[in-house]
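Read through the structure below, which is laid out as structure tokens, and then see the notes.
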Number of protein chains: 2
Amino acid sequence: MGTVMKFRNVRPDMGERTAEATALLKTLANQNRLKIVCTLVGGEHSVSQLEETLGIHQPTLSQQLTVLREADIVATRRDAKQVFYRLKEEKAARLVMALYGIFCREHTRH
Amino acid sequence: MGTVMKFRNVRPDMGERTAEATALLKTLANQNRLKIVCTLVGGEHSVSQLEETLGIHQPTLSQQLTVLREADIVATRRDAKQVFYRLKEEKAARLVMALYGIFCREHTRH
DNA sequence: TGATCAATATACAATTAAATATAATGTATG
DNA sequence: CATACATTATATTTAATTGTATATTGATCA
């Protein structure tokens, strides 16, 4: 109760996995990239769709998509002139869902 | 099925909250800080306990604790010479628990 | 075929921020 | 006031972000 929190029997030592976890956190710790990934949770989008939906200008968008691609978080499919992006990494999708629960619903404490 | 994922009916637009969310992600997107927060999920620790447990040398530890303090993620309590840190921000605790679920259990796709 | 347009990607440069080691300083206790 | 512990300052290195310019790729049509 109060503000202190304890989860004594869960012990998330996270140990060896902090490297992997922080890598994912870093990749998503950018407003543009987080918006992109959130959008892709709803299904694949082309670059121009993302550009219009998010209002991120094209080279910036492409650069951040490259970051996500190199982090293996997204995959692409080409259809004629357009390139469609989709989520590939389940961990990223799960993290976004968790963020959604934390930030976009008010404190559903159980 | 496959690698493509869709959550059509969940729509985490995240909208206005990306700023808040990325701020938290950024704060945790550092191995030292993530280890500290993971440790604190198990209850409060003094700086020297953290130093010993995590093997982070003392000024670095103190600097990262300052970052966490300024982000309002931890709070402190002084007992004689020692300062004890504890988690204060529930969102951070919830995010760490989510990370634990994602990285420290193998794919509990239920 | 080659000129052209539209969609996407890359290169580069400039700015700004992050990380961490070393050193110096603060502060409570005994 | 000496000690143990904790914090802050400084300096250096390294990385992230984003704008502008340019390049690539695929489609279209004269």
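Each chain gets a letter, A, B and so on, in the order the sequences are listed, and its residues count up from 1. The figures that follow rest on heavy atoms only: side chains count, while hydrogens, waters and symmetry mates do not.
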So which protein N/O to nucleotides 28-30 of chain D N/O distances come out below 3.5 Å?
none

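Atom CD in E52(B) sits about 16 Å away from atom C1' in dA4(D), given to the nearest Å. E70(A) places its CD atom 11 Å from the C1' atom of dT10(C), with the value rounded to the nearest Å. Straight-line distance from the CD atom of Q49(B) to the C1' atom of dA4(D): 16 Å, rounded to whole Å.
The phosphate of dG19(D) has OP1 or OP2 within less than 4.0 Å of a side-chain N or O from T60(A). Taking side-chain N and O atoms only, H57(A) has a distance below 4.0 Å to OP1 or OP2 of dG19(D). Taking side-chain N and O atoms only, S48(B) has no distance below 4.0 Å to OP1 or OP2 of dA4(D). Within the structure, every side-chain polar atom (N or O) of S46(A) is placed at least 4.0 Å from both OP1 and OP2 of dA7(C).
Comparing the start and finish of the helix from dT1(C)-dA30(D) to dG30(C)-dC1(D), five pairs each, the helix axis swings through 10°, to the nearest 10 degrees.
Using a 4.0 Å heavy-atom criterion, one finds that Q63(B) contacts the bases of the nucleic acid, with or without backbone contacts as well. The residue Q58(A) sits close to a base: some heavy atom pair falls under 4.0 Å. Here Y85(A) lies in heavy-atom contact (under 4.0 Å) with sugar-phosphate atoms only.
At a non-hydrogen distance threshold of 4.0 Å, nothing from residues 23-33 of chain A comes into contact with DNA chain C.
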